[in-house]
There are 2 protein chains.
Amino acid sequence: MEVSNESYSEVSNRLFFRLFQSANLLHKKGTAAVEEYGVTTQQWSVLGVFYRNQVIEEGGISVGDLSEYLLVSRQSLTGTLDLMLNKKYIKKVTNPRDKRSKLIQITPKGRTLWSNLQLPITEFYQSALEGISFDDQTSILHYLNKIINNMEAM
Amino acid sequence: MEVSNESYSEVSNRLFFRLFQSANLLHKKGTAAVEEYGVTTQQWSVLGVFYRNQVIEEGGISVGDLSEYLLVSRQSLTGTLDLMLNKKYIKKVTNPRDKRSKLIQITPKGRTLWSNLQLPITEFYQSALEGISFDDQTSILHYLNKIINNMEAM
DNA sequence: AAAAATACAGCAATATATTGACATAGATTT
DNA sequence: AAATCTATGTCAATATATTGCTGTATTTTT
């Protein structure tokens with residue numbers, strides 16, 4: 001089928017417009033889903049990082065590595081981490097190998113919170129993905145990875 | 001194929017994590033793509049609204065309708081609109097039919113900006129969608145619509 | 001060994017996102 | 001007609017996002 005330039009433009013415009021909107025809704029509804037625990041979607045993303053094998057092995061993660069992994073600026077991350085520090089979900093220790101660097105570690109309180117978050121987060125995701133098969137979810141993930149890789153390469 | 005609960009969780013966690021990241025990159029790289037014009041991705045989204053048939057016919061759009069269309073809060077929109085007012089890309093007029101309401105309209109300066117933005121925006125989108133066919137782009141849009149509808153229904 | 005370049009985390013300014021609240025205006029109920 | 005409820009846009013507080021910059025520390029070059 002021949003596809004006009006107008007159609008291409010319309011689809012890509014709509015696609016990115018919806019991407020923008022879906023992320024806003026993800027934050028709004030996701031934060032509401034765990035309202036009783038008083039954390040935001042970004043904070044739970046940070047907590048999730050401590051359960052990655054590499055981070056467990058290294059006994060924490062630096063601000064720089066966390067920034068790269070989450071794809072947010074170090075400055076934005078500092079603000080989020082400060083809030084989590086105040087709530088005592090994480091702690092910062094000086095990196096023994098590099099005095100410039102700090103290692104972020106999860107606390108026991110943070111671990112308890114993470115356990116408590118599993119059920120509401122799972123329910124939220126299941127609700128958001130209602131009617132989308134596992135194969136389709138895998139396709140979406142594949143496409144998002146591709147788009148992210150393309151934008152990172154800019 | 002039997003899919004374990006762990007796999008489901010992993011895919012949905014990754015999917016939403018990537019959604020969060022792709023939106024951040026969209027704003028970062030999109031704003032950089034039009035850096036010479038000094039507007040953000042949200043501001044160009046607002047400008048694009050004035051070219052919708054219904055908005056053209058009605059001679060503008062209210063803050064409330066704009067908020068609903070963009071899926072952002074009225075309060076966030078007020079801030080973005082104020083910046084665009086200062087730059088004189090838009091103007092506000094009292095709604096003749098409802099004194100509480102204001103109609104937002106694009107200015108000639110805003111129209112010139114919108115014209116100038118078309119090429120860099122198109123190039124940005126094309127680059128971000130490199131290697132993704134038109135049919136696949138249509139699929140992504142379909143999935144995003146579905147996820148948005150699901151989250152709106154929460 | 002000393003100088004230069006780079007890395008790390010955070011400060012500052014700015015933009016955008018949320019929720020709760022408020023003053024004014026319109027719609028509905030009594 | 002008056003009272004009550006709902007709608008509209010903005011104010012305020014807070015969270016998170018960016019870029020540019022800075023002080024300190026490490027690495028690389030001379």
Side-chain angles (χ1 to χ4, degrees), chain A residues 20-35 37-46 60-68 70-87 89-90 92-104 151 154, chain B residues 20-46 60-68 70-87 89-90 92-104 151:
Chain A
F20 157 50
Q21 288 182 315
S22 55
N24 284 346
L25 274 178
L26 166 60
H27 293 312
K28 174 176 176 174
K29 302 290 184 175
T31 297
V34 298
E35 181 180 12
Y37 299 103
V39 293
T40 64
T41 53
Q42 291 84 353
Q43 292 170 17
W44 97 38
S45 297
V46 170
I61 185 170
S62 72
V63 175
D65 287 346
L66 190 49
S67 161
E68 281 182 29
L70 295 176
L71 292 186
V72 297
S73 62
R74 293 189 314 274
Q75 296 89 322
S76 173
L77 197 48
T78 296
T80 303
L81 295 180
D82 281 347
L83 288 178
M84 297 176 76
L85 272 167
N86 290 340
K87 295 173 184 174
Y89 295 139
I90 58 170
K92 282 181 181 176
V93 301
T94 304
N95 187 341
R97 290 191 291 276
D98 186 337
K99 282 179 182 148
R100 296 171 297 178
S101 173
K102 290 171 182 145
L103 285 184
I104 313 299
M151 291 199 283
M154 286 178 182
Chain B
F20 156 50
Q21 288 182 315
S22 54
N24 284 347
L25 274 177
L26 166 61
H27 293 311
K28 174 176 175 174
K29 302 289 184 177
T31 296
V34 299
E35 181 181 12
E36 73 180 282
Y37 299 103
V39 293
T40 64
T41 53
Q42 290 83 355
Q43 291 170 18
W44 96 41
S45 296
V46 170
I61 185 170
S62 70
V63 174
D65 287 345
L66 191 50
S67 161
E68 280 182 29
L70 295 178
L71 292 186
V72 296
S73 63
R74 298 190 310 273
Q75 296 90 323
S76 171
L77 198 49
T78 296
T80 304
L81 294 180
D82 282 347
L83 287 177
M84 296 176 76
L85 272 167
N86 290 342
K87 296 174 184 174
Y89 295 139
I90 60 169
K92 283 181 181 177
V93 300
T94 304
N95 188 341
R97 290 190 292 277
D98 187 337
K99 283 177 182 151
R100 295 171 298 178
S101 174
K102 288 169 182 145
L103 286 185
I104 313 298
M151 291 201 282

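In what follows, chains are A, B, ... by sequence order, proteins preceding strands, each numbered from 1.
Backbone-only engagement by B:Ser101 is indicated by non-hydrogen atom pairs under 4.0 Å involving sugar-phosphate atoms exclusively. Residue B:Lys92 is classed as a sugar-phosphate contact, given heavy-atom separations below 4.0 Å to backbone atoms only. A:Gly64 comes within 4.0 angstrom of the backbone, heavy atoms only, and of no base. Contact annotation for B:Leu77: no contact, since no heavy-atom pair falls under 4.0 Å across all strands. Note on B:Thr31: nothing from the nucleic acid sits closer than 4.0 angstrom, heavy atoms only. Residue B:Thr80 is classed as a sugar-phosphate contact, given heavy-atom separations below 4.0 Å to backbone atoms only. Residue contacts for A:Ser67: at a heavy-atom cut-off of 4.0 Å it reaches no nucleic acid atom on any strand shown.
In terms of position along DNA chain D, the nucleotide closest to A:Gln43 lies nearer the 5' end than the nucleotide closest to the other residue of the pair A:Arg100 and A:Gln43. Residue order along DNA chain C, read from the 5' end via each residue's closest nucleotide, puts A:Leu103 first among B:Gln75 and A:Leu103.
A:Thr40 has a side-chain polar atom (N or O) that falls below the 4.0 Å cut-off from OP1 or OP2 of D:dT16. Regarding contacts with the backbone of D:dT10, a side-chain N or O of B:Thr78 is found under 4.0 angstrom from either OP1 or OP2. Checking the phosphate oxygens (OP1, OP2) of C:dT16, no side-chain nitrogen or oxygen of B:Ser76 falls inside 4.0 Å. Checking the phosphate oxygens (OP1, OP2) of D:dT10, a side-chain nitrogen or oxygen of B:Lys102 falls inside 4.0 Å.
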